[in-house]
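Heads up: the structure comes next, in structure tokens.
Keep in mind that what you see is a predicted model, and the values were worked out from it rather than measured.
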Amino acid sequence: QVQLVESGGGLVQAGGSLRLSCAASGRTFSSYAMGWFRQAPGKEREFVAGISGSGGSTYSTDSVKGRFTISRDNAKNTVYLQMNSLKPEDTAVYYCVARDALKYGGSWWGPFWDYWGQGTQVTVSS
């Protein structure tokens with residue numbers, strides 16, 4: 001069982017930056033792909049970015065490319081989402097997620113994520 005705890009959300013003006021953190025429990029953190037989803041009011045949940053267990057492979061959705069960067073520190077069991085040049089449309093609850101690659105034959109990417117955090121609110125004012 002993996003528990004995920006997000007932090008770092010808040011209110012920021014458009015053009016500003018925030019860094020989200022997600023601390024994970026467990027001793028096999030490097031065997032999990034980690035990622036971030038977000039859900040804005042009245043909209044479907046959206047995948048934002050993901051990172052492989054070693055951190056050598058990342059993926060992000062087109063709307064955040066060039067502005068958001070995902071990274072991880074396996075020694076600290078923590079994944080980060082650095083968000084720059086924030087826009088009002090980035091306003092959402094951001095969820096940290098984990099995917100057990102061993103469960104999926106070693107595949108880092110796929111539609112299924114095994115663990116979800118409680119979420120942290122990010123609000124970008126115009």
Side-chain angles (χ1 to χ4, degrees):
Q1 190 76 7
V2 175
Q3 291 186 324
L4 304 173
V5 179
E6 303 100 333
S7 61
L11 173 65
V12 65
Q13 289 188 333
S17 298
L18 281 175
R19 187 175 82 155
L20 304 183
S21 299
C22 173
S25 64
R27 295 177 292 177
T28 58
F29 182 66
S30 62
S31 69
Y32 289 83
M34 302 297 295
W36 294 90
F37 278 74
R38 67 184 179 185
Q39 187 166 22
K43 294 189 177 181
E44 292 187 355
R45 195 169 289 180
E46 173 189 31
F47 175 79
V48 176
I51 188 166
S52 62
S54 67
S57 178
T58 62
Y59 178 81
S60 60
T61 193
D62 286 347
S63 63
V64 306
K65 283 181 179 176
R67 300 189 299 122
F68 292 10
T69 302
I70 188 170
S71 62
R72 65 190 295 161
D73 184 338
N74 286 348
K76 296 182 178 180
N77 279 21
T78 301
V79 63
Y80 306 97
L81 185 68
Q82 178 66 43
M83 305 185 294
N84 299 328
S85 302
L86 282 160
K87 304 176 181 180
E89 51 263 44
D90 294 318
T91 295
V93 177
Y94 283 71
Y95 298 90
C96 178
V97 294
R99 171 182 168 95
D100 184 353
L102 297 177
K103 183 178 173 181
Y104 302 101
S107 174
W108 298 116
W109 312 120
F112 302 110
W113 293 83
D114 300 294
Y115 301 101
W116 292 72
Q118 296 279 25
T120 185
Q121 177 70 46
V122 172
T123 303
V124 184
S125 64
S126 58

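Cluster membership for Val97 and Ile51, using ILVMFWY side-chain heavy atoms within less than 4.5 angstrom, is not shared. In the hydrophobic clustering of ILVMFWY residues, with side-chain heavy atoms under 4.5 Å counting as a link, Val124 and Leu81 come out together. One hydrophobic cluster, built from ILVMFWY side chains closer than 4.5 Å, holds both Leu20 and Val12. Linking Ile, Leu, Val, Met, Phe, Trp and Tyr residues whenever their side-chain heavy atoms come within less than 4.5 Å leaves Val79 and Phe47 in two separate clusters. Hydrophobic cluster membership differs between Val64 and Trp113, with clusters built from Ile, Leu, Val, Met, Phe, Trp and Tyr side chains linked at under 4.5 angstrom.
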* To do: Run the numbers on Thr78 and Phe29 for side-chain contact (heavy atoms from CB on, under 4.5 Å), then give the verdict.
  => CA-CA 9 Å; Thr78 301; Phe29 182 66; 5.7 Å; no
* Asked: Would Trp116 and Cys96 satisfy side-chain contact (heavy atoms from CB on, under 4.5 Å), going step by step from the backbone distance to the final call?
  -> CA-CA 6 Å; Trp116 292 72; Cys96 178; over 6 Å; no
* What do the steps show when you test Ser63 against Glu89 for side-chain contact (heavy atoms from CB on, under 4.5 Å), and what is the final call? -> CA-CA 10 Å; Ser63 63; Glu89 51 263 44; over 6 Å; no
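A donor-acceptor distance shorter than 3.5 angstrom exists from the side chain of Asn77 to the backbone of Gly26, with no hydrogens or angles considered. Ser30 places no side-chain N or O within 3.5 Å of a backbone atom of Ser54 that could act as its donor or acceptor partner. Here the side chain of Arg72 pairs no donor or acceptor atom with the backbone of Gly55 at under 3.5 angstrom. In terms of modelled atom types and a separation under 3.5 Å, the side chain of Gln118 and the main chain of Glu6 share no donor-acceptor contact. The backbone N or O of Tyr104 lies less than 3.5 Å from no partner atom in the side chain of Ser107, so there is not a single donor-acceptor pair. Under a 3.5 Å cut-off, the side chain of Arg19 and the backbone N or O of Gly8 do not form any donor-acceptor pair. At least one donor-acceptor pair closer than 3.5 Å links the side chain of Ser25 to the backbone N or O of Gln3. Counting only distance, with no hydrogens or angles, the side chain of Asn74 and the backbone of Gly53 share a donor-acceptor pair below 3.5 Å.
Among all heavy-atom pairs drawn from Pro88 and Ser126, the shortest one is CG-CB, 3.8 Å. The two residues Gly50 and Trp109 make their nearest non-hydrogen contact at C-CH2, 3.3 Å. Taking all atoms of both residues into account, the shortest heavy-atom contact from Arg38 to Tyr94 is NH1-OH, 2.9 Å. Nearest heavy atom pair, residue Gln121 against residue Ala92, reads NE2-O, 3.4 Å. Across all non-hydrogen atoms, the minimal contact from Gly117 to Tyr95 is O-CD2, 3.6 Å. Nearest heavy-atom pair, Trp108 versus Ser31, reported as atom, atom and distance to 0.1 Å: CZ3-O, 3.6 Å.
To the nearest 0.5 angstrom, Gln1 atom CD is 5.0 Å from Tyr115 atom OH. Expressed to the nearest 0.5 Å, how far NZ of Lys103 lies from OH of Tyr32 amounts to 9.0 Å. Atom OG of residue Ser71 and atom CE of residue Met34 lie 11.5 Å apart, to the nearest 0.5 angstrom. Residue Ser17 holds its OG atom at 9.5 Å from CZ of Phe68, rounded to the nearest 0.5 Å. Rounding to the nearest 0.5 Å gives a distance of 8.5 Å between CG of Leu18 and CG of Leu11. Note that the OH atom of Tyr59 and the CD1 atom of Ile70 stand 12.5 Å from one another [nearest 0.5 Å].
In this structure, Lys65 places its NZ atom where more than 12 heavy-atom neighbours from other residues, nucleotides or ligands lie under 6.0 Å away.
Under the 4.5 Å side-chain criterion, counting only non-hydrogen atoms from C-beta, Met83 is in contact with Val122.
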